[in-house]
2 protein chains.
Amino acid sequence: MSGLRERQKADRHRRIIDAATALFREAGYEGAKIEAIASRAEVSIGTIYNYYQNKGDILGAIVSMEVNEVLNAGRGVVASPPANVGDALDTLIGIYIEHSLNYLSKEMWRQAMAISTQLPDSPFGQAYTALDRELTRQISALIARLQEIGLVRPDIDGPAVGELIFNNMNMMFIEFVKRDEARIPELRAAIRRQNRVLVAAIGE
Amino acid sequence: MSGLRERQKADRHRRIIDAATALFREAGYEGAKIEAIASRAEVSIGTIYNYYQNKGDILGAIVSMEVNEVLNAGRGVVASPPANVGDALDTLIGIYIEHSLNYLSKEMWRQAMAISTQLPDSPFGQAYTALDRELTRQISALIARLQEIGLVRPDIDGPAVGELIFNNMNMMFIEFVKRDEARIPELRAAIRRQNRVLVAAIGE
DNA sequence: AAGAAAAGTTGAACCAATTCTAAAATTGAG
DNA sequence: CTCAATTTTAGAATTGGTTCAACTTTTCTT
């Protein structure tokens, strides 16, 4: 099963991602030429295109890793949320936002978001949409959990509220990465303020 | 003031926009080559780049016209809104959505949105962000109007609720243009459902 | 272990957006 | 009217992502 070819393939994948990650951060997405990524990864240009359909898909692979980490970190909050609705939401959203710039710069996020709307049917476009859906689901799961505990009224349409909260947060995050001078604390405060009416409405 | 040069300039602007609009619709954004736009507009490639910084800015000019029409259409609703909160919001959002595909195809919207996140500081990127802000303001204005009439509780944070509603709608619209098979009635129904909790909460 | 088939690699060639430069057109001052 | 300054134009050159046909390497078969 694990022949030479398999190992070489995995190794080349890793080398390409490592090279691309470094160059994206050093030179920006546009500044990271395919040729430079190829030579740093010690493969040819053609090989890169054998592994990834286009430049965007390389970035896509990096984004997926980041978002999956975020989803993992969020699971803890859903499992045992803070004891009031506002804090619970703020904690989960806080995890998303605070983790978001670990591996990706704002510029990388901008490019990733742009590509995902530009080419929604590319591998990356589909993967990105799927990740968004999972984040939405996780927020809805938190609300369901809060309903179980009795902190949220049982007659509330949890999935709809989850979508509303995610969509608002996501849009705010998009505006956040579009402005280099924007700061995380202000972003979180703005989202808290927007959620306040909703929190009051769904709380038991 | 209105010398030959002025008139020629305005005329060339118009010819470029007309040619680009036609070609974007016929061949899609990517398919519309600058060379083709130039020859259809009877100007040179260099001239196009003298008038617009890049291909995206040409699309940007078209988007601006469309969104400004939408904003205009929305003014009527804000001035004399339907007599209940849910219908008022649905009517305004309906106008936005129903007008959105008059001049722009889904593919053109995707490109426009992508460029606006990719290059937030380009002329188009800034214009697009400003248009979003105006739409947000218009929704907030509607809520303020409903507060005046006594349909929305006076203690509600109108601007925050306006942002929440706009951001959710916008995100839903992004997902809508990403899927060619998505239909307007389903989009509107989904947004109505998401807004329902909010409408119940802010209504007097 | 040899040879054939399958899978993967390579980089030069291609294509379209953008930049650059020299030539042409328009304007306003004298 | 003439001419120098300024703006605009044309289209060739540049650039960088992507494709493709020839070549290598690995695996499979006997």
Side-chain angles (χ1 to χ4, degrees), chain A residues 1-17 19-20 23-24 26-61 107-108 111-112 114-115 118-119 121-125, chain B residues 1-17 19-20 23-24 26-61 107-108 111-112 114-115 118-119 121-125:
Chain A
M1 246 328 97
S2 173
L4 173 56
R5 185 163 279 173
E6 295 292 321
R7 270 176 290 126
Q8 283 182 329
K9 193 189 279 196
D11 194 51
R12 286 203 190 93
H13 260 290
R14 193 190 45 68
R15 291 213 309 274
I16 293 171
I17 292 295
L23 281 169
F24 286 158
E26 280 169 29
Y29 178 79
E30 304 271 1
K33 311 300 175 203
I34 294 285
E35 201 183 339
I37 297 174
S39 94
R40 183 138 168 180
E42 297 184 290
V43 297
S44 73
I45 291 175
T47 297
I48 289 193
Y49 279 91
N50 188 34
Y51 283 66
Y52 300 92
Q53 287 197 6
N54 50 49
K55 193 176 172 182
D57 280 342
I58 308 175
L59 177 58
E107 198 245 349
M108 288 165 76
Q111 295 292 344
I115 294 164
Q118 203 162 28
L119 304 168
D121 300 322
S122 69
F124 173 40
Chain B
M1 246 329 98
S2 173
L4 174 58
R5 186 167 278 173
E6 294 294 320
R7 270 176 290 124
Q8 283 183 330
K9 191 188 279 195
D11 193 52
R12 286 200 193 94
H13 261 289
R14 193 189 45 68
R15 291 212 309 275
I16 292 170
I17 291 296
L23 281 170
F24 285 159
E26 281 169 29
Y29 179 78
E30 303 273 2
K33 311 300 173 201
I34 294 283
E35 202 183 339
I37 296 173
S39 95
R40 183 138 168 179
E42 298 185 290
V43 296
S44 74
I45 292 175
T47 300
I48 290 193
Y49 280 93
N50 188 32
Y51 283 73
Y52 300 93
Q53 285 197 5
N54 50 48
K55 195 176 171 181
D57 279 344
I58 307 176
L59 178 58
E107 198 244 351
M108 287 165 77
Q111 295 292 344
I115 294 165
Q118 203 162 27
L119 303 168
D121 299 323
S122 69
F124 174 39

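Residue numbers begin at 1 in each chain, while the letters A, B, ... track the order of the sequences.
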Distance, rounded to the nearest Å, where A:E6 contributes CD and C:dA7 contributes P: 12 Å

Nucleotide D:dT18, atom P - distance to CG of A:L119 in whole Å: 9 Å

Checking the side chain of A:K55 only, and the main-chain atoms of A:Y29 only, is there a donor and an acceptor separated by less than 3.5 Å? yes

Decide side-chain contact (heavy atoms from CB on, under 4.5 Å) for B:Y52 and B:T47; before the verdict, give the C-alpha distance in whole Å, the side-chain angles of both, and the deciding distance to 0.1 Å. CA-CA 9 Å; B:Y52 300 93; B:T47 300; over 6 Å; no

Length of the line joining B:E35:CD and D:dA10:C1', which is rounded to integer Å: 12 Å

Would you say a side-chain N or O of B:R12 is under 4.0 Å from OP1 or OP2 of D:dT8? no

Once you apply a heavy-atom cut-off of 4.0 Å, does B:Y52 come out as touching a base, just sugar-phosphate, or nothing? nothing

Intermediate values then yes/no, salt bridge (charged side-chain N to carboxylate O under 4.0 Å, His left out), B:R15 and B:D11: CA-CA 6 Å; B:R15 291 212 309 275; B:D11 193 52; 2.6 Å; yes

Return the value, rounded to whole Å, for the distance between atom CG of A:N54 and atom P of C:dA16. 17 Å

Think B:S44 has a side-chain N or O under 4.0 angstrom from the OP1 or OP2 of D:dG11? no

Nearest-Å distance for atom pair CD/P, residues A:E30 and C:dA17: 15 Å

Rounded to whole Å, please give me the gap between CG in B:D11 and C1' in D:dT8. 15 Å

Heavy-atom donor-acceptor pair, A:D57 side chain to A:F124 backbone, under 3.5 Å: yes

Salt bridge check, B:R40 against B:E26: does any charged N sit closer than 4.0 Å to a carboxylate O? yes

Hey, is the side chain of B:N50 poking within less than 4.0 Å of OP1 or OP2 on D:dT9, counting only N and O atoms? yes

To the nearest angstrom, the NZ-P distance between B:K33 and C:dC14 comes to 17 Å

Answer yes or no: does a side-chain N or O of B:T47 lie under 4.0 Å from OP1 or OP2 of D:dT8? no

Among D:dG11, D:dT9, C:dG8, find the nucleotide with the atom closest to the side chain of B:I45. D:dG11

Please determine if a side-chain N or O atom of A:K9 lies less than 4.0 Å away from the OP1 or OP2 oxygen of C:dG8. yes

Take atom OH of B:Y49 and atom C1' of D:dT7, then tell me their distance rounded to the nearest Å. 20 Å

When you measure from the side-chain N and O atoms of A:Q8 to the phosphate of D:dT26, is any distance below 4.0 Å, counting only OP1 and OP2? yes

